[in-house]
Amino acid sequence: MTQGGPIIIAGGGIGGLATAIGLAQKGFPSIVLEKAPELGEIGAGIQLGPNAFHSFDYLGVGDAARDMAVYIDSLRLMDAISGDEITRIPLDDAFRTRFKNPYAVVHRGDLHGVFLRACREHELIELRTSSEVIDYDQDGSSITAILADRSRIAGRALIGADGLWSKVRTRIAGDGKPRVSGHTTYRSVIPTEEMPKDLRWNAATLWAGPKCHIVHYPLSGWKVFNLVVTYHNDAPEPVAGKPVSHDEVRRGFEHVNPIARQIIEKGKDWKLWVLCDRDPIMNWVDGRAALLGDAAHPMMQYFAQGACMAMEDAVCLAAEMEAGDGDIEKVLPAYNAKRRTRTARVQLQSRAIGDHIYHPSGAHAELRNQIMQAKTAEDWYDVVQWLYGSTGLEGAVT
């Protein structure tokens with residue numbers, strides 16, 4: 001299985017490391033090339049649907065992932081104008097029985113650490129930092145990654161797991177810059193004792209308002225609450241991780257109910273991200289190069305599935321490598337075909353959820369409330385069966 005050299009993975013985020021682990025378990029060596037000087041993750045919380053736990057188990061990190069997760073009781077949707085609950089989806093035994101796994105929240109850095117430790121412990125995985133892949137050459141039998149320092153690394157395949165601004169995607173798709181949504185997200189983490197007592201819910205809570213929303217849930221063994229707030233400010237350019245003032249955050253929420261607004265007052269050390277995505281594409285493959293994770297299908301945050309889809313990609317690629325006995329010319333198109341429709345659905349529905357659940361106003365919001373209030377728990381489970389009931393190996397829809 002080592003014939004033709006290692007598989008080169010551009011990007012040492014969750015998707016890249018998950019790919020390395022999946023390949024190593026099937027006997028395929030890899031080199032992970034991360035452009036940053038250290039391997040790590042920025043940001044705070046990630047929500048993990050049952051499909052994420054399917055991936056953890058397949059990749060052999062299920063126990064470690066479960067140990068550091070916080071298991072929430074429900075998904076709660078609140079009206080940010082009235083302060084009333086719209087609906088609550090229980091994540092109890094019935095949910096776990098239906099989808100064969102739980103729903104949880106984790107700190108992004110903790111999850112990355114699980115994958116990083118697994119990679120460091122495996123002899124078939126080499127990790128390199130300060131190594132940005134900017135281009136590649138291939139001759140039909142091998143591919144060579146070209147790094148920013150002009151050094152070259154040859155291998156049997158190149159997987160572009162290099163995120164929204166993927167240089168590998170530039171070569172494969174050539175579809176220009178990401179789409180700037182005009183929605184800006186602000187993130188903070190607050191100690192649990194500073195969270196208003198009557199809002200310390202064991203839930204992933206969404207306060208939905210006109211062109212804005214607030215999300216909060218407990219993290220890190222209930223030591224802190226993750227706070228993510230978003231509003232439409234027509235931001236023209238992508239920005240990531242920029243520190244901002246409390247006053248800037250407040251401006252987008254002056255119109256919401258005081259119950260919801262008080263949460264923002266507890267935040268500090270705010271940082272902003274301007275949300276971007278891309279339209280789905282059919283082709284992620286160029287010979288021995290392929291895309292994975294945000295490089296293949298960057299999406300809005302509204303379905304809470306970005307990291308989950310990247311892990312599913314890793315699982316699918318590893319499975320196809322095993323099934324195809326490492327024949328890259330067959331494996332990569334098969335992986336592409338199996339993943340593109342499912343991820344396109346998540347990309348497009350993420351946009352739609354933002355429009356119709358997170359941010360509507362007036363009659364649009366009233367219609368949302370009536371539709372969502374009419375659904376039972378079983379109705380909700382039916383709605384998400386295609387997503388949570390799949391391992392990502394079956395193709396688009398189950």
Side-chain angles (χ1 to χ4, degrees), residues 1 6-34 39 41 46 48-62 64-65 101 106 108 111-122 124-127 133 155-164 166 168-169 284-285 288-299 305-324 326 328 331-340 342-343 346 387 390-396:
M1 290 187 178
I7 294 169
I8 304 162
I9 301 169
I14 289 169
L17 297 185
T19 301
I21 295 166
L23 293 170
Q25 288 187 325
K26 305 302 184 184
F28 297 100
S30 64
I31 300 175
V32 179
L33 303 176
E34 167 56 43
L39 285 159
E41 277 280 7
I46 295 179
L48 299 172
N51 56 318
F53 287 90
H54 300 329
S55 296
F56 295 146
D57 292 336
Y58 186 95
L59 297 169
V61 297
N101 264 310
V106 297
R108 180 179 289 269
L111 178 58
H112 186 268
V114 167
F115 285 117
L116 184 56
R117 286 189 293 275
C119 284
R120 285 175 169 159
E121 292 169 0
H122 208 295
L124 291 180
I125 301 172
E126 180 182 347
L127 303 172
V133 176
R156 66 191 300 172
L158 170 63
I159 306 302
D162 46 346
L164 178 68
S166 169
V168 181
R169 183 181 178 117
W284 305 352
V285 176
R288 290 178 173 268
L291 302 174
L292 183 142
D294 283 351
H297 44 71
M299 56 190 61
Q305 278 286 312
C308 299
M309 287 296 108
M311 292 186 289
E312 282 192 8
D313 289 348
V315 166
C316 184
L317 180 61
E320 292 298 327
M321 283 291 288
E322 181 180 42
I328 296 299
V331 166
L332 296 186
Y335 152 76
N336 186 171
K338 197 166 271 189
R339 292 298 297 158
R340 66 188 173 207
R342 179 170 167 84
T343 55
V346 180
L387 180 62
S390 173
T391 63
L393 292 173
E394 304 91 338

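These numbers were taken from a predicted model, which means no experiment stands behind them. We use all heavy atoms of the structure for the numbers below, so side chains are in, but hydrogens, waters and symmetry mates are not.
Formation of a donor-acceptor pair under 3.5 Å by the R339 side chain with backbone atoms of M309 is found in this model. No donor-acceptor pair under 3.5 Å is formed between the side chain of H54 and the backbone N or O of E312. R156 places a side-chain N or O within 3.5 Å of a backbone atom of G326 that can act as its donor or acceptor partner. Judged by distance alone, the side chain of R288 and the main-chain N or O of L158 form no donor-acceptor pair under 3.5 Å. The closest donor-acceptor contact from the side chain of S390 to the backbone of L387 lies at 3.5 Å or more, if one exists at all.
Every residue two or more places apart in sequence or in another chain was checked for a side-chain hydrogen bond (donor to acceptor under 3.5 Å, both in side chains) with Y335, and none qualifies. Partners of S166 under the side-chain hydrogen bond (donor to acceptor under 3.5 Å, both in side chains) rule, at least two apart in sequence or in another chain, are D162.
Using a 4.5 Å cut-off on side-chain heavy atoms (C-beta onward), L127 and L116 make contact. A heavy-atom distance below 4.5 Å is found between the side chains of M311 and L48. Contact check for P298 versus R169: side-chain heavy atoms found under the 4.5 Å cut-off. Side chains of V32 and C119 form no contact here, defined as non-hydrogen atoms less than 4.5 Å apart.
The two residues I8 and G155 have their closest heavy-atom pair at CD1-N, 3.6 Å. The heavy-atom pair separating H297 from A310 by the smallest distance is CE1-N, 4.3 Å. When all heavy atoms of A334 and E320 are compared, the closest pair comes out as CB-OE1, 3.4 Å. Of all the heavy atoms in C308 and G49, the pair that sits closest is SG-N, 4.1 Å. Across P333 and V285, no two heavy atoms sit closer than the pair N-CG2, 4.3 Å. Across every non-hydrogen atom of C316 and K338, the tightest pair is SG-CD, 3.8 Å.
In this structure, I21 CD1 and L17 CG are separated by 6.5 Å, a value rounded to the nearest 0.5 Å. We find the OG-CG distance between S30 and L23 to be 6.0 Å, quoted to the nearest 0.5 Å. For the atom pair CG (L111) and CZ (F56), the distance works out to 4.5 Å, reported to the nearest 0.5 Å. Distance check: L33 CG to E126 CD gives 8.0 Å after rounding to the nearest 0.5 Å. Summarising the geometry, atom CD1 belonging to I125 is positioned 11.0 Å from atom CD1 belonging to I7; distances are rounded to the nearest 0.5 Å. With values rounded to the nearest 0.5 angstrom, D313 atom CG is found 4.5 Å from L292 atom CG.
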*Show the numbers, then the answer: is there a side-chain contact (heavy atoms from CB on, under 4.5 Å) between N101 and N51?*
CA-CA 8 Å; N101 264 310; N51 56 318; over 6 Å; no
*Under the side-chain contact (heavy atoms from CB on, under 4.5 Å) rule, what do L317 and F28 come out as? Steps first, then yes or no, please.*
CA-CA 11 Å; L317 180 61; F28 297 100; over 6 Å; no
